[in-house]
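Written below as structure tokens is the structure these notes are about.
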Number of protein chains: 2
Amino acid sequence: MIPENTVERLSLYRRVLQQIWAEGKETIMSHELAQILHIKPAQVRRDIMYLGYSGIPNIGYKVKSLIESISQFLDSTSQQSAILVGVGHLGMALLANFSGRWRQLAIRAAFDRDPEKIGRVFHGCVCYSVEDIPKVVGELKSIIGIIAIPADQAQKICDLMITSGIRGILNFSPVRLKVPEYVYVEHVDLSATFEKVAFFARTMKKLEEEKSKLPPILENCSDGYNQNVKEENLRKDVSV
Amino acid sequence: MIPENTVERLSLYRRVLQQIWAEGKETIMSHELAQILHIKPAQVRRDIMYLGYSGIPNIGYKVKSLIESISQFLDSTSQQSAILVGVGHLGMALLANFSGRWRQLAIRAAFDRDPEKIGRVFHGCVCYSVEDIPKVVGELKSIIGIIAIPADQAQKICDLMITSGIRGILNFSPVRLKVPEYVYVEHVDLSATFEKVAFFARTMKKLEEEKSKLPPILENCSDGYNQNVKEENLRKDVSV
DNA sequence: TATAATTTGTTATATAATTCACAATTATAC
DNA sequence: GTATAATTGTGAATTATATAACAAATTATA
């Protein structure tokens, strides 16, 4: 229904808007948001359309109420608790970032196999044995799980999460999880991402070298990085 | 030219193929790879097309030579060194994962502002002062940078990386970096991703609840999770 | 109050990614 | 050797996503 990318961008918009609100700005226009995030104004307006929220022509959007509208859309009416399985280096980093950072959403429990870790508290989160997943998930009424363990156990933990009630999984393991159609999975494959960046870094470098061989010609000004863009056009959709 | 998603999947294919090769299997078919990664066989074939590699009808792909073909495409002919800026929780996790893991690609230097960290070695990586970025990047001939620092310094570090010669950036900060068109950036925004998973977890849950109100009807069998699919169709493109 | 200037909301268009569908190819069975 | 079965490679169709284009709306200004 609503594009995944739009949901992700709404989260970005909210973060920017909160910053802007803190700076005392009360309204913002689509091209301003677009400029900050390096996307097109039309994209911003299109995304905001999904909220059912309306701005004011010639003025823009009211920052405060747009934040509220995004929050109403993105957030649960009640507290949402996530669980994390795997308190290794990455799990620890996630706990440091996500435990108690927002009001509406936080990691509330951690799990590990290592007896050294079970029972201890990491960044405000108690670490339980993985066997306790069903019990704790039930108590927290959690539907969000994070997997930060090695490949070999990932699918097993995933299955256990799902039978326990988890319906959205953020998976950092390199395994592509098999889930029923009523469970959402986001794969964050750091190795693959790293390799992709390395590949395109080389591509970019080659491109640059080839270009520098050519005589200096007019730059293509596709993304506003070019300084030759007329000032009056900077604030507009290129098409208008 | 080549789709970003294809590059990322090629990395996945290689990892699966290496596993499969280690298990002694010498050939593999598109539907097998597809089944492991939960994608469509046509997607696998299309991706492999970009390599210029050819399989054998009725047999599949030779595992060994497909790995070689992917490596030839993805990897640099020489060693590639990446640098990491920000040795916090996340940076440390990345070092643990990526320093010296592959032959062709690894993090070779870390940077931080904290005098406590500068000069120390983390997971085999020396930590330098951020001021040394230009010097070290030059010495390593690195074109890949990882940003794992807070928002406020991200753009400044990004600019410094680029003037030092970095052409591909893996950015974990919540800032959308402004870069010239000859630099590739991959944004991994963990907060936004987390919020997205939370959102779709709720969506899934609602969907499930609505469905359970309806009388039990035929399941739609879109992804092979359904047990009612005929066995002989499991190994085929649905269309054939 | 009328006119000009600007920005939104949204439809239409363009671009990109995925999936289908089937001809071409190869192996195997007879 | 021929027929049969299976799988690849790829043009065409579909789906998803992003961008352009412009009418409608609102404010500022004369």
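Lettering follows sequence order; numbering is per chain, from 1. What you see is a predicted model; the values in this text were computed from it and never measured.
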Rounded distance in Å - [atom1] ([X]) to [atom2] ([N]):
{"X": "A:Arg46", "N": "C:dA12", "atom1": "CZ", "atom2": "C1'", "answer": "10 Å"}
{"X": "B:Met49", "N": "C:dA17", "atom1": "CE", "atom2": "C1'", "answer": "14 Å"}
{"X": "B:Arg45", "N": "C:dA23", "atom1": "CZ", "atom2": "P", "answer": "15 Å"}
{"X": "A:Ile28", "N": "C:dT6", "atom1": "CD1", "atom2": "C1'", "answer": "17 Å"}
{"X": "A:Glu4", "N": "C:dA16", "atom1": "CD", "atom2": "P", "answer": "20 Å"}
{"X": "B:Asn5", "N": "C:dT19", "atom1": "CG", "atom2": "C1'", "answer": "14 Å"}
{"X": "B:Glu8", "N": "C:dA17", "atom1": "CD", "atom2": "P", "answer": "12 Å"}
{"X": "A:Lys40", "N": "C:dT15", "atom1": "NZ", "atom2": "P", "answer": "12 Å"}

TODO: With the side chain of B:His31 defined as its heavy atoms from C-beta on, choose the nearest nucleotide among D:dT7, C:dT7, C:dG9.
DONE: D:dT7
- [ ] Taking only the side-chain heavy atoms of A:Gln43 (C-beta and beyond), determine which of D:dT7, C:dT11, D:dA18 contains the nearest atom.
- [x] D:dA18
Open item on the list: Over 60° means perpendicular and under 30° means parallel, so tell me whether B:Trp102 and A:Phe194 are parallel, tilted or perpendicular.
Closed with: tilted
Task: Side-chain donor-acceptor contact under 3.5 Å, B:Glu23 with B:Gln19 - done: yes
- [ ] Side-chain contact test, heavy atoms from C-beta onward, threshold under 4.5 Å: evaluate it for A:Arg15 versus B:Glu195 and give yes or no.
- [x] no
Counting just side-chain N and O atoms, does [X] come under 4.0 Å of either OP1 or OP2 of [N]?
{"X": "A:Tyr61", "N": "C:dG9", "value": "yes"}
{"X": "A:Ser30", "N": "C:dT7", "value": "no"}
{"X": "A:Arg9", "N": "D:dA18", "value": "yes"}

Open item on the list: Would the distance check show the side chain of A:Ser69 and the main-chain N or O of A:Ser65 forming a donor-acceptor pair, the cut-off being under 3.5 Å?
Closed with: no
TODO: Using modelled atom types only, decide if a donor and an acceptor are shared between the side chain of B:Arg202 and the backbone of A:Asp75 within a distance under 3.5 Å.
DONE: yes
Between the protein and nucleotides 27-30 of chain D, are there any N/O to N/O pairs under 3.5 Å, and if so, what are the atom names and distances?
{"residue": "D:dT27", "atom": "O2", "partner": "A:Asn58", "partner atom": "ND2", "Å": "3.4"}

Task: Angle by which the axis turns from one end of the helix from C:dT1-D:dA30 to C:dC30-D:dG1 to the other, five pairs per end, to 10 degrees - done: 0°
